[in-house]
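Whatever order the structure lists them in is the order used to number ligands and atoms, beginning at 1. Bear in mind the structure is a predicted one, so any value in this text is a computation, not a measurement.
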Amino acid sequence: MTWAEVLSNRHIQKRFWKLVASMCKGHLDNVRPLEDTRVVQARHTNKLSLRPNKFSNFHLSSICNPRFYNFVAVKLTIRKTANMREFSTKDSFVTNVQPQLDHSGHKITVVGVGAAGIGSAFSILTRSVSNDIALVDSAQDKLEGEALDLQHGSSFLHNARIVASTDYAVTAGSRICVLTAGARLKKGETRFDLLQRNVEIAKNIIPQLLKYSPDTILLIVSNPVDILTHIAWKISGLPKTRVIGSGTNLDSSRFRFLISQRLGIGLSSCHGWIIGEHGDSSVSMSQGFVCKH
Ligand SMILES: NC(=O)C1=CN([C@@H]2O[C@H](COP(=O)(O)OP(=O)(O)OC[C@H]3O[C@@H](n4cnc5c(N)ncnc54)[C@H](O)[C@@H]3O)[C@@H](O)[C@H]2O)C=CC1
Ligand SMILES: CC(=O)C(=O)O
(Lines give C-alpha, C1' and ligand atoms only; values in the text may rest on other atoms or scores of the structure.)
(Ligands and ions follow the chains in the order given, each with its own letter.)
Protein backbone atom coordinates (compact mmCIF):
# COMPACT_ATOMS: atom_id res chain seq x y z
CA MET A 1 0.00 0.00 0.00
CA THR A 2 1.50 3.36 -0.97
CA TRP A 3 1.51 6.35 1.31
CA ALA A 4 -1.06 8.08 -0.87
CA GLU A 5 -3.30 5.05 -0.61
CA VAL A 6 -2.92 5.01 3.12
CA LEU A 7 -3.87 8.65 3.32
CA SER A 8 -6.88 8.21 1.14
CA ASN A 9 -8.02 5.21 3.12
CA ARG A 10 -11.06 6.49 4.95
CA HIS A 11 -10.80 3.94 7.67
CA ILE A 12 -7.27 5.01 8.49
CA GLN A 13 -8.19 8.68 8.26
CA LYS A 14 -11.05 8.16 10.64
CA ARG A 15 -8.83 6.39 13.14
CA PHE A 16 -6.18 9.05 12.72
CA TRP A 17 -8.48 11.96 13.45
CA LYS A 18 -10.01 10.12 16.38
CA LEU A 19 -6.53 9.61 17.72
CA VAL A 20 -5.67 13.27 17.18
CA ALA A 21 -8.85 14.26 18.96
CA SER A 22 -8.05 12.10 21.95
CA MET A 23 -4.52 13.39 22.14
CA CYS A 24 -5.48 17.01 21.76
CA LYS A 25 -7.43 17.14 24.98
CA GLY A 26 -5.78 19.71 27.15
CA HIS A 27 -3.75 21.17 24.26
CA LEU A 28 -6.33 23.44 22.83
CA ASP A 29 -5.79 26.61 24.80
CA ASN A 30 -3.79 28.21 21.97
CA VAL A 31 -6.25 27.94 19.14
CA ARG A 32 -5.16 29.65 15.93
CA PRO A 33 -7.00 30.22 12.66
CA LEU A 34 -6.42 28.00 9.66
CA GLU A 35 -4.53 30.79 7.90
CA ASP A 36 -1.68 30.41 10.37
CA THR A 37 1.39 30.47 8.09
CA ARG A 38 2.88 27.39 9.66
CA VAL A 39 -0.19 25.38 8.94
CA VAL A 40 -0.63 26.64 5.40
CA GLN A 41 3.06 26.11 4.71
CA ALA A 42 3.08 22.67 6.19
CA ARG A 43 0.03 21.67 4.21
CA HIS A 44 1.66 22.79 0.98
CA THR A 45 5.13 21.45 1.54
CA ASN A 46 4.43 18.22 3.34
CA LYS A 47 2.62 16.69 0.42
CA LEU A 48 0.73 14.66 2.93
CA SER A 49 -2.60 16.30 2.21
CA LEU A 50 -3.95 15.48 5.60
CA ARG A 51 -6.83 17.85 5.30
CA PRO A 52 -9.62 17.83 7.77
CA ASN A 53 -12.36 15.69 6.39
CA LYS A 54 -15.85 14.71 7.12
CA PHE A 55 -14.78 11.90 9.42
CA SER A 56 -13.23 14.35 11.70
CA ASN A 57 -15.01 16.80 13.85
CA PHE A 58 -11.50 17.95 14.44
CA HIS A 59 -9.80 20.36 12.06
CA LEU A 60 -6.21 21.43 11.61
CA SER A 61 -7.28 24.93 12.44
CA SER A 62 -8.12 23.79 15.90
CA ILE A 63 -5.05 21.76 16.64
CA CYS A 64 -2.35 24.11 15.60
CA ASN A 65 -1.06 24.79 19.03
CA PRO A 66 2.53 25.24 17.74
CA ARG A 67 3.94 22.54 19.98
CA PHE A 68 1.37 20.05 18.99
CA TYR A 69 1.45 20.89 15.32
CA ASN A 70 5.21 20.32 15.11
CA PHE A 71 4.63 17.01 16.66
CA VAL A 72 1.99 15.92 14.21
CA ALA A 73 3.87 17.21 11.15
CA VAL A 74 7.18 15.70 12.08
CA LYS A 75 5.76 12.38 13.08
CA LEU A 76 3.84 12.08 9.86
CA THR A 77 6.93 12.80 7.82
CA ILE A 78 8.86 10.15 9.65
CA ARG A 79 6.07 7.64 9.32
CA LYS A 80 6.19 7.88 5.54
CA THR A 81 8.73 5.09 5.39
CA ALA A 82 7.75 3.27 8.52
CA ASN A 83 5.53 0.28 8.90
CA MET A 84 2.09 1.60 8.14
CA ARG A 85 0.49 -0.53 10.77
CA GLU A 86 2.20 1.57 13.37
CA PHE A 87 0.45 4.58 11.96
CA SER A 88 -2.70 4.00 13.92
CA THR A 89 -1.14 3.09 17.22
CA LYS A 90 -1.09 5.77 19.84
CA ASP A 91 2.44 4.89 20.92
CA SER A 92 3.83 5.79 17.53
CA PHE A 93 2.71 9.38 18.08
CA VAL A 94 3.61 9.79 21.71
CA THR A 95 7.12 11.00 21.16
CA ASN A 96 8.39 14.28 22.36
CA VAL A 97 9.67 16.07 19.29
CA GLN A 98 12.02 18.84 20.35
CA PRO A 99 11.53 22.04 18.38
CA GLN A 100 14.64 23.77 17.04
CA LEU A 101 15.95 26.38 19.42
CA ASP A 102 14.87 29.80 18.26
CA HIS A 103 15.35 32.43 20.96
CA SER A 104 16.91 31.07 24.10
CA GLY A 105 17.23 34.31 26.03
CA HIS A 106 20.82 33.42 26.90
CA LYS A 107 22.62 33.87 23.62
CA ILE A 108 26.36 34.43 23.72
CA THR A 109 28.40 35.88 20.87
CA VAL A 110 32.06 35.12 20.38
CA VAL A 111 33.93 37.47 18.05
CA GLY A 112 37.11 35.92 16.67
CA VAL A 113 37.30 32.21 15.94
CA GLY A 114 40.99 31.73 16.56
CA ALA A 115 42.37 29.57 19.35
CA ALA A 116 40.94 31.79 22.10
CA GLY A 117 37.53 32.21 20.44
CA ILE A 118 36.93 28.57 19.62
CA GLY A 119 38.22 27.52 23.04
CA SER A 120 35.69 29.91 24.59
CA ALA A 121 32.84 28.75 22.37
CA PHE A 122 33.59 25.10 23.05
CA SER A 123 33.65 25.68 26.81
CA ILE A 124 30.44 27.70 26.72
CA LEU A 125 28.68 24.85 24.93
CA THR A 126 30.14 21.88 26.74
CA ARG A 127 29.93 23.42 30.22
CA SER A 128 26.29 24.33 29.52
CA VAL A 129 26.87 28.03 30.05
CA SER A 130 24.63 28.49 27.02
CA ASN A 131 23.38 26.35 24.14
CA ASP A 132 22.82 29.37 21.94
CA ILE A 133 25.91 30.94 20.43
CA ALA A 134 26.80 33.20 17.52
CA LEU A 135 30.28 33.32 16.01
CA VAL A 136 31.70 36.24 14.06
CA ASP A 137 35.05 36.63 12.35
CA SER A 138 36.33 38.72 9.47
CA ALA A 139 37.91 35.63 7.84
CA GLN A 140 34.91 34.02 6.19
CA ASP A 141 36.45 30.66 5.23
CA LYS A 142 37.92 30.11 8.65
CA LEU A 143 34.63 31.11 10.28
CA GLU A 144 32.64 28.68 8.17
CA GLY A 145 35.04 25.84 8.89
CA GLU A 146 35.10 26.43 12.63
CA ALA A 147 31.32 26.84 12.79
CA LEU A 148 30.77 23.60 10.87
CA ASP A 149 33.08 21.75 13.24
CA LEU A 150 31.01 22.89 16.21
CA GLN A 151 27.69 22.33 14.44
CA HIS A 152 28.64 18.82 13.37
CA GLY A 153 29.53 17.94 16.93
CA SER A 154 26.40 19.47 18.37
CA SER A 155 24.52 16.18 18.57
CA PHE A 156 26.61 15.66 21.72
CA LEU A 157 25.16 18.87 23.14
CA HIS A 158 21.70 19.73 24.35
CA ASN A 159 19.72 21.12 21.43
CA ALA A 160 22.40 23.69 20.64
CA ARG A 161 21.95 26.55 18.22
CA ILE A 162 25.23 27.62 16.63
CA VAL A 163 25.12 30.38 14.03
CA ALA A 164 28.00 32.13 12.32
CA SER A 165 28.44 35.04 9.97
CA THR A 166 30.72 37.91 9.08
CA ASP A 167 27.58 40.04 9.42
CA TYR A 168 26.95 41.26 12.96
CA ALA A 169 23.20 40.91 12.51
CA VAL A 170 23.71 37.29 13.52
CA THR A 171 24.67 38.44 17.03
CA ALA A 172 21.35 40.18 17.70
CA GLY A 173 19.99 39.78 21.21
CA SER A 174 23.18 38.51 22.83
CA ARG A 175 23.36 38.59 26.62
CA ILE A 176 27.15 38.41 26.52
CA CYS A 177 29.63 39.25 23.74
CA VAL A 178 33.10 37.80 24.11
CA LEU A 179 35.77 39.71 22.22
CA THR A 180 38.67 37.48 21.22
CA ALA A 181 39.31 38.97 17.77
CA GLY A 182 42.62 40.54 17.04
CA ALA A 183 46.31 40.12 16.69
CA ARG A 184 48.01 37.43 18.72
CA LEU A 185 51.48 37.39 20.22
CA LYS A 186 54.38 36.62 17.92
CA LYS A 187 57.74 35.51 19.15
CA GLY A 188 59.55 38.32 20.92
CA GLU A 189 56.43 40.49 21.27
CA THR A 190 54.85 41.54 24.53
CA ARG A 191 51.11 41.96 24.98
CA PHE A 192 51.61 45.74 24.87
CA ASP A 193 52.90 45.43 21.29
CA LEU A 194 49.39 44.33 20.29
CA LEU A 195 47.74 47.40 21.76
CA GLN A 196 47.41 49.67 18.75
CA ARG A 197 46.28 46.92 16.38
CA ASN A 198 43.73 45.54 18.80
CA VAL A 199 42.37 48.95 19.75
CA GLU A 200 41.65 49.61 16.07
CA ILE A 201 39.91 46.25 15.81
CA ALA A 202 37.90 46.86 18.98
CA LYS A 203 36.83 50.28 17.69
CA ASN A 204 35.43 48.57 14.63
CA ILE A 205 33.74 45.67 16.41
CA ILE A 206 32.20 47.11 19.57
CA PRO A 207 29.76 49.57 17.94
CA GLN A 208 28.47 46.77 15.73
CA LEU A 209 27.93 44.49 18.72
CA LEU A 210 26.06 47.22 20.58
CA LYS A 211 23.94 48.03 17.56
CA TYR A 212 22.45 44.54 17.67
CA SER A 213 22.67 43.86 21.41
CA PRO A 214 22.39 47.15 23.28
CA ASP A 215 21.84 45.36 26.60
CA THR A 216 24.81 43.06 26.30
CA ILE A 217 27.72 42.52 28.64
CA LEU A 218 31.13 42.77 26.95
CA LEU A 219 33.73 40.25 28.00
CA ILE A 220 37.17 41.23 26.70
CA VAL A 221 39.82 38.58 26.09
CA SER A 222 42.03 40.15 23.39
CA ASN A 223 45.36 41.51 24.58
CA PRO A 224 46.60 43.51 26.29
CA VAL A 225 43.41 42.52 28.04
CA ASP A 226 43.28 44.91 30.98
CA ILE A 227 44.09 48.01 28.95
CA LEU A 228 41.77 46.89 26.19
CA THR A 229 38.96 46.34 28.70
CA HIS A 230 39.33 49.94 29.86
CA ILE A 231 39.32 51.15 26.25
CA ALA A 232 36.32 48.97 25.43
CA TRP A 233 34.48 50.58 28.33
CA LYS A 234 35.29 54.01 26.89
CA ILE A 235 34.37 53.07 23.32
CA SER A 236 31.10 51.43 24.34
CA GLY A 237 29.86 54.01 26.82
CA LEU A 238 28.40 51.13 28.82
CA PRO A 239 28.25 51.17 32.62
CA LYS A 240 31.41 49.70 34.13
CA THR A 241 29.49 46.69 35.41
CA ARG A 242 28.87 45.63 31.81
CA VAL A 243 32.46 45.61 30.56
CA ILE A 244 34.55 42.82 32.05
CA GLY A 245 38.06 41.64 31.22
CA SER A 246 39.25 38.06 31.56
CA GLY A 247 42.05 39.49 33.72
CA THR A 248 44.29 36.96 35.42
CA ASN A 249 41.87 34.04 35.32
CA LEU A 250 44.09 32.16 32.89
CA ASP A 251 47.17 32.93 34.99
CA SER A 252 45.44 31.64 38.13
CA SER A 253 44.48 28.48 36.32
CA ARG A 254 48.08 28.01 35.18
CA PHE A 255 49.23 28.61 38.75
CA ARG A 256 46.91 25.94 40.10
CA PHE A 257 48.11 23.54 37.44
CA LEU A 258 51.74 24.15 38.38
CA ILE A 259 51.03 23.63 42.10
CA SER A 260 49.27 20.42 41.27
CA GLN A 261 52.22 19.21 39.19
CA ARG A 262 54.79 20.19 41.80
CA LEU A 263 52.91 18.59 44.70
CA GLY A 264 51.59 15.63 42.76
CA ILE A 265 47.99 16.16 43.82
CA GLY A 266 44.77 16.65 41.93
CA LEU A 267 44.19 20.08 40.42
CA SER A 268 40.74 20.39 41.97
CA SER A 269 42.43 20.27 45.39
CA CYS A 270 44.77 23.17 44.57
CA HIS A 271 43.56 26.72 45.02
CA GLY A 272 45.46 29.92 44.48
CA TRP A 273 45.36 33.23 42.71
CA ILE A 274 47.46 35.33 40.42
CA ILE A 275 46.64 38.99 40.79
CA GLY A 276 47.51 42.23 39.03
CA GLU A 277 47.56 42.77 35.30
CA HIS A 278 47.41 39.82 32.89
CA GLY A 279 50.98 39.97 31.65
CA ASP A 280 54.54 40.11 32.78
CA SER A 281 53.82 42.19 35.89
CA SER A 282 51.27 39.87 37.48
CA VAL A 283 52.10 38.38 40.86
CA SER A 284 51.18 35.19 42.63
CA MET A 285 49.58 35.17 46.03
CA SER A 286 52.15 32.59 46.99
CA GLN A 287 51.27 32.79 50.69
CA GLY A 288 47.68 32.19 49.83
CA PHE A 289 47.48 28.90 48.01
CA VAL A 290 45.71 26.05 49.69
CA CYS A 291 45.43 22.38 48.99
CA LYS A 292 42.29 20.75 50.29
CA HIS A 293 39.82 18.08 49.40
N1 LIG B 1 43.20 37.21 28.03
C2 LIG B 1 43.71 36.02 27.88
O3 LIG B 1 43.87 35.26 28.84
C4 LIG B 1 44.10 35.56 26.51
C5 LIG B 1 44.10 36.46 25.49
N6 LIG B 1 44.42 36.08 24.23
C7 LIG B 1 44.38 37.10 23.20
O8 LIG B 1 43.22 36.86 22.39
C9 LIG B 1 43.47 37.34 21.08
C10 LIG B 1 43.19 36.22 20.09
O11 LIG B 1 44.12 35.18 20.29
P12 LIG B 1 44.09 33.87 19.36
O13 LIG B 1 42.69 33.36 19.30
O14 LIG B 1 45.14 33.01 19.84
O15 LIG B 1 44.47 34.52 17.95
P16 LIG B 1 44.15 33.93 16.50
O17 LIG B 1 45.08 34.63 15.58
O18 LIG B 1 44.14 32.46 16.56
O19 LIG B 1 42.65 34.41 16.22
C20 LIG B 1 42.29 35.75 16.08
C21 LIG B 1 41.05 35.79 15.23
O22 LIG B 1 40.58 37.13 15.17
C23 LIG B 1 40.08 37.35 13.85
N24 LIG B 1 40.05 38.78 13.56
C25 LIG B 1 41.08 39.63 13.37
N26 LIG B 1 40.61 40.85 13.12
C27 LIG B 1 39.26 40.79 13.17
C28 LIG B 1 38.21 41.74 13.00
N29 LIG B 1 38.47 43.03 12.75
N30 LIG B 1 36.96 41.31 13.10
C31 LIG B 1 36.67 40.02 13.37
N32 LIG B 1 37.62 39.09 13.54
C33 LIG B 1 38.89 39.46 13.44
C34 LIG B 1 41.05 36.59 12.97
O35 LIG B 1 40.50 36.33 11.70
C36 LIG B 1 41.29 35.34 13.78
O37 LIG B 1 40.40 34.30 13.44
C38 LIG B 1 44.93 37.82 21.06
O39 LIG B 1 44.95 39.19 21.24
C40 LIG B 1 45.55 37.07 22.23
O41 LIG B 1 46.67 37.71 22.71
C42 LIG B 1 44.68 34.78 23.93
C43 LIG B 1 44.67 33.83 24.93
C44 LIG B 1 44.42 34.15 26.29
C1 LIG C 1 48.00 34.95 25.01
C2 LIG C 1 48.02 35.18 26.45
O3 LIG C 1 47.70 36.24 26.90
C4 LIG C 1 48.38 34.10 27.29
O5 LIG C 1 48.50 32.94 26.82
O6 LIG C 1 48.57 34.32 28.50
Ligand 1-proximal atoms of [X], by part, heavy-atom distance under 4.0 Å:
{"X": "Asn249", "answer": "neither"}
{"X": "Lys142", "answer": "side chain"}
{"X": "Val221", "answer": "both"}
{"X": "Val136", "answer": "neither"}
{"X": "Ser246", "answer": "side chain"}

Are the side chains of Leu218 and Leu179 in touch, meaning some heavy atoms are under 4.5 Å apart?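 Leu218 vs Leu179: side chains apart.
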
Would a 4.5 Å heavy-atom cut-off, applied to side chains only, mark Val136 and Leu143 as touching?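 Sidechains of Leu143 and Val136: no contact.
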
His278 side chain to Asp251 side chain, donor-acceptor N/O pair below 3.5 angstrom: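 Checked: His278/Asp251 side chains pair up, N/O donor to acceptor below 3.5 Å.
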
Report yes or no: do Thr171 and Thr109 form a side-chain donor-acceptor pair below 3.5 Å?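 Their side chains do not contain a donor-acceptor pair, so the 3.5 Å distance test is not met.
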
Polar side-chain atom of Asn198 near backbone of Ala183 as donor-acceptor pair, under 3.5 Å: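 Yes, the answer is positive, given that a donor and an acceptor are paired below the 3.5 Å cut-off.
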
Looking at Asn131 and His158, would you say the former's side chain and the latter's main chain have a donor-acceptor pair under 3.5 Å?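 Yes: the side chain of Asn131 pairs with the backbone of His158.
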
Find all atoms of ligand 2 within a distance of less than 4.0 Å from any non-hydrogen atom belonging to [X], and give their numbers and elements.
{"X": "Arg254", "answer": "4 (C), 5 (O), 6 (O)"}
{"X": "Leu250", "answer": "4 (C), 5 (O), 6 (O)"}
{"X": "Arg191", "answer": "2 (C), 3 (O), 4 (C), 6 (O)"}

Any atoms of ligand 1 less than 4.0 Å from a non-hydrogen atom of Asn198? List them with their elements.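 Atoms satisfying the 4.0 Å criterion: 39 (O).
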
Under a 4.0 angstrom heavy-atom cut-off, which atoms of ligand 1 come close to Leu250?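 Atoms satisfying the 4.0 Å criterion: 3 (O), 44 (C).
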
Tell me which protein heavy atom sits closest to [atom], plus the residue, atom name and distance to 0.1 Å.
{"atom": "atom 6 (N) of ligand 1", "answer": "Asn223 ND2, 3.5 Å"}
{"atom": "atom 1 (C) of ligand 2", "answer": "Asn223 ND2, 3.6 Å"}
{"atom": "atom 2 (C) of ligand 1", "answer": "His278 NE2, 3.6 Å"}
{"atom": "atom 19 (O) of ligand 1", "answer": "Gly114 CA, 3.2 Å"}
{"atom": "atom 30 (N) of ligand 1", "answer": "Ile205 CD1, 3.6 Å"}
{"atom": "atom 23 (C) of ligand 1", "answer": "Asp137 OD2, 3.3 Å"}
{"atom": "atom 27 (C) of ligand 1", "answer": "Ser138 OG, 3.4 Å"}
{"atom": "atom 8 (O) of ligand 1", "answer": "Ser222 CA, 3.6 Å"}

Non-hydrogen atom of Arg184 closer than 4.0 Å to ligand 2: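 Checking ligand 2 against Arg184, which is what was asked, there is no heavy-atom contact under 4.0 Å.
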
Geometry only, no angles: is Ile201 polar-contacting ligand 1 at N/O separations under 3.5 Å?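 Ile201 vs ligand 1: no N/O contact under 3.5 Å.
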
Just distances here: any N/O of Ala139 and N/O of ligand 1 closer than 3.5 Å?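 The answer is no, given that Ala139 and ligand 1 share no N or O pair closer than 3.5 Å.
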
Treating Ile, Leu, Val, Met, Phe, Trp and Tyr as nodes and any side-chain heavy-atom pair under 4.5 angstrom as an edge, say whether Ile201 and Leu194 lie in one connected cluster.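 No, no single cluster joins them.
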
Do Ile205 and Ile118 sit in one hydrophobic cluster, given that two such residues count as connected whenever their side-chain heavy atoms are within less than 4.5 Å of each other, even indirectly?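 Cluster IDs for Ile205 and Ile118 differ.
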
Ignoring hydrogens, just give me the one of Glu189, Lys203, Arg184 whose non-hydrogen atom is nearest atom 15 (O) of ligand 1.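 Nearest option to atom 15 (O) of ligand 1, by heavy atoms: Arg184.
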
Heavy atoms only: which of Gly182, Ala116, Gly247, Ala183 lies closest to atom 38 (C) of ligand 1?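 Ranked by closest heavy atom to atom 38 (C) of ligand 1, first place is Ala183.
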
With heavy atoms only and a cut-off of under 4.0 Å, state how Asp251 meets ligand 2: side chain, backbone, both or neither.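 Asp251 to ligand 2: no contact under 4.0 Å from either part.
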
